[in-house]
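One structure is given below, encoded as structure tokens.
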Amino acid sequence: MTTHLSSEQRQQLGKVLRDREQTLRAHLKALYDGVSRVDHAREILLQDGDDAPQRDADREIDMAVSDLETVELTRIEQALSRLQHGSYGECVDCGDDVPFERLALEPHTLRCVLCESKRERFQPRSASM
Ligand SMILES: [Zn+2]
């Protein structure tokens, strides 16, 4: 299988992806360890009737961050597997080449700019409602 990317470009993007994958995995692990510690601390504090609501808010922020990072990690894994199978750099929706410049900015991207913007239009972020 051939792509429009040179082997140097694929290697470069693969390295960025693997580095990012490791960073995310380490961070998510720390986050989940932190969450279980918070749970444990909360159990103790609840017995004293302490400020549980504030702790819930902190926890929600952690969970929101971890959701985002889990999504990114999934996309990175998909990108790495596509890199392995030679289909990396092709838009998963229309099959067009995704330019190297775009991949360099966002190596885990799976779509060309056009398809990505279409998706975003059909799935508006709640903030823009
Ligand atoms: Zn496309």
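Order of listing sets the numbers, starting from 1, for every ligand and every atom in it. Small disclaimer: the values here were computed from a predicted structure and weren't measured.
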message: If you apply the rule salt bridge (charged side-chain N to carboxylate O under 4.0 Å, His left out), what do you find for Glu116 with Arg102, and how did you get there?
response: CA-CA 12 Å; Glu116 193 76 65; Arg102 173 166 165 76; 3.5 Å; yes
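Arg82 pairs by the salt bridge (Lys or Arg N to Asp or Glu O under 4.0 Å) definition with nothing, not counting sequence neighbours.
Protein-derived N/O/S atoms nearer than 2.8 Å to the Zn ion (ligand 1) total 4, waters excluded.
Nearest heavy atom pair, residue Leu5 against residue Arg10, reads O-NH1, 3.2 Å. Residues Ser66 and Thr70 come closest through the heavy atom pair O-OG1, 2.6 Å.
Shown are Glu106, Glu77, Glu72; of these, the salt bridge (charged side-chain N to carboxylate O under 4.0 Å, His left out) with Arg20 is made only by Glu72.
Summarising the geometry, atom CG belonging to Leu73 is positioned 11.0 Å from atom CD belonging to Gln22; distances are rounded to the nearest 0.5 Å.
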